[in-house]
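Heads up: the structure comes next, in structure tokens.
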Amino acid sequence: MKRTLWLFLLSAAAMFAGNSSADAGLFCGVGRFRFCPPAVCGPSGDYCEARHNCGPCYRTVQETVWCTEEYQDSCTVYDHCVERVPVTCQRTVYDTCYRDECYTVCRPCYQTCYRDVCYTVRRPCYQTCYRTVCCNIRRPCYQTCYRDVCVTVCRPVYHTCYRDVCHTVRRPCYQTCYKDVCCMTTRMVPETCYRDVCYTVCRPVCETRTVDVCCGEWKTVSRQIPGPVVCRTVQDPGQCVWDPSDCCCRYEPGCCHTEQVQCPPQTVCERIWCPRVMQKTITCTRMVPEVCHRRVPYTTCRCVQCPVTRRVPYTTCTWTCETCTRRVPYVTCQMVRECCTKRVPYTTCTWREECITRQVPYTTCTWTCETCTKRVPYTTCNYVQECRTRRVPHCVPRTVCETRYVCQTHCVPRTICVTRTRCVPRTVCRQIPYDPGYHDPGCCDTACDDPGCCPTESGCLAPATGDACDCVN
């Protein structure tokens, strides 16, 4: 992007100067020829020499730039710590006690009685009668008959015949022989050895020590509980007032007002456990382990090789050929025709009419009135007064001390090291080109030959050809 900016500035300078003054616009007008020496700028002068003598000069200017640097700083932070603090407080606990109270109840007594009630009912009387009915029916008559049928069948006739067949068989002949074989056998020889074995034996040791035993006793304590405060209505005493209209004294009652009255106190007996600690001497037995040594015998077996000669049987086999003759049976079959007669059954059916008589039942109904008596129950109730006793609960307050933990938060400061960034001014020296013969009216009122007369600002358009150097702040 910087390269594009420089190209734009150079193009603008070339456009304002024109084609004839291209050299004069070099380095923002520093290379102009109006300040050339007369001997060089004459008609017969050398252009190259004039161009070399009118080249740009450079001077060093100082600029202040701001740089960032990191430095270590310490700051204080606070950590929130939560601590559990025990707090002793008192709490009122209500114990439930019971007192006996008598009250009267009316208990109903139910009794069941009966009375006779007469009513009339109609009872049906059913009677079964029969009438004779004649009807004609057709009854089937089945009959089984037989007829003769001639059938020709083929019956097989089997005959068994024999023929002689010769064949050769090989019969094996086995024979048992013996041979001597030498082999090595292993014989186990036992040996007895000993080894040391450590074992632990627990030996009892009796010790006597004193322990604290918690015990106590129950004590009965009587205390009075103040009675409850109730409200009651009290009437002030009246007075006699003279009534002039009746000429007599008339009694006017006093005013009624409500006042609070405390009931008589109650005496409550309660049992209190009074603990005490007493020391008791006890004897306890402790098992102390001891390490003992003993020699334990053990048996080892050692293998010993011995040569042995033994007879090993073996079997030999030879084959013998023999010719045998055997009779082989075979069966022949012939078909013989025969004529057979068999009886085949068949069934015939004929219908026969019959007249039958049967009895058909029918039912008749008549109503009969009857008077019946039934017992109707009814219940009677009588109330009987009974005196009962019930246990009425009431609360007895007592104060209990307890310890609970409250979480308290406090801040703990600690110092940490942090890294911060700050801007520091720094003076930078760089070289800029200038025209020794050009007088800037805004720089000085009179022309001077000193290059450091007019300081150049950092916004000058002249490019820096020299490298910037860092100066001491």
Side-chain angles (χ1 to χ4, degrees), residues 80-113 210-282 378-410:
H80 293 276
C81 298
V82 179
E83 183 180 1
R84 298 185 64 189
V85 178
V87 176
T88 302
C89 59
Q90 293 183 352
R91 182 169 58 93
T92 302
V93 179
Y94 293 90
D95 297 334
T96 302
C97 299
Y98 294 88
R99 64 173 179 268
D100 293 336
E101 181 178 300
C102 296
Y103 64 99
T104 303
V105 296
C106 292
R107 184 175 59 84
C109 294
Y110 297 96
Q111 186 177 3
T112 303
C113 301
T210 303
V211 296
D212 295 335
V213 179
C214 294
C215 60
E217 61 181 356
W218 291 94
K219 292 184 179 180
T220 302
V221 179
S222 300
R223 62 172 180 171
Q224 286 189 351
I225 299 177
V229 178
V230 298
C231 297
R232 70 176 180 180
T233 303
V234 181
Q235 186 177 14
D236 294 338
Q239 59 182 352
C240 293
V241 180
W242 173 259
D243 189 359
S245 61
D246 296 339
C247 295
C248 64
C249 292
R250 185 168 50 85
Y251 177 77
E252 290 185 356
C255 298
C256 295
H257 63 275
T258 302
E259 64 180 9
Q260 293 184 351
V261 179
Q262 188 173 11
C263 296
Q266 297 180 357
T267 302
V268 178
C269 296
E270 61 180 4
R271 299 182 65 192
I272 299 177
W273 175 255
C274 298
R276 69 172 184 269
V277 179
M278 60 182 299
Q279 292 186 350
K280 183 179 180 182
T281 302
I282 61 173
Y378 63 95
T379 303
T380 60
C381 178
N382 297 323
Y383 287 93
V384 178
Q385 292 187 355
E386 293 183 356
C387 184
R388 297 182 179 179
T389 303
R390 64 184 174 186
R391 301 192 68 192
V392 179
H394 63 278
C395 295
V396 178
R398 61 185 178 90
T399 303
V400 177
C401 294
E402 61 180 13
T403 302
R404 62 180 180 180
Y405 291 88
V406 179
C407 294
Q408 294 184 356
T409 305
H410 60 277

Heavy-atom closest pair, residues Q235 and G254: NE2-O, 3.3 Å
R388 with E386: basic N within carboxylate O range, under 4.0 Å: yes
Shortest non-hydrogen contact between C387 and C102, atoms and distance: SG-CB, 4.4 Å
Distance (rounded to the nearest 0.5 Å) between D212 CG and K280 NZ: 12.5 Å
Qualifying ring pair (Phe, Tyr, Trp, His ring centres under 6.0 Å) pairs with a residue from residues 228-249, counting only residues at least two apart or across chains: none
Spacing of CZ belonging to R276 relative to SG belonging to C214, to within rounding of 0.5 Å: 11.5 Å
Pairwise distance NE2(H257) to CZ(R232) - rounded to 0.5 angstrom: 9.0 Å
C215 to W273 - nearest heavy-atom pair and separation: C-CZ2, 3.9 Å
CZ (R404) with more than 12 external heavy atoms under 6.0 Å: no
Crowding at CD, E259 (>12 non-hydrogen neighbours, <6.0 Å): yes
Euclidean distance, I272 CD1 relative to K219 NZ, rounded to 0.5 Å: 9.5 Å
Within 6.0 Å of OH in Y103, more than 12 heavy atoms from elsewhere: yes
Pairwise side-chain contact, V400 with R398, heavy-atom cut-off 4.5 Å (strictly under): yes
Spacing of CD belonging to Q224 relative to CD belonging to Q266, to within rounding of 0.5 Å: 10.5 Å
Evaluation steps, side-chain contact (heavy atoms from CB on, under 4.5 Å), between T96 and Y94: CA-CA 7 Å; T96 302; Y94 293 90; over 6 Å; no
Minimum side-chain heavy-atom gap R391-D100 below 4.5 Å: yes
Short side-chain to backbone donor-acceptor contact, Q262 and G227, under 3.5 Å: yes
Closest heavy-atom pair and its distance - P397, R223: O-NH2, 3.5 Å
Worked check of side-chain contact (heavy atoms from CB on, under 4.5 Å) between E402 and V93: CA-CA 11 Å; E402 61 180 13; V93 179; over 6 Å; no
C263 SG to I225 CD1 distance, which is reported to the nearest 0.5 Å: 13.5 Å
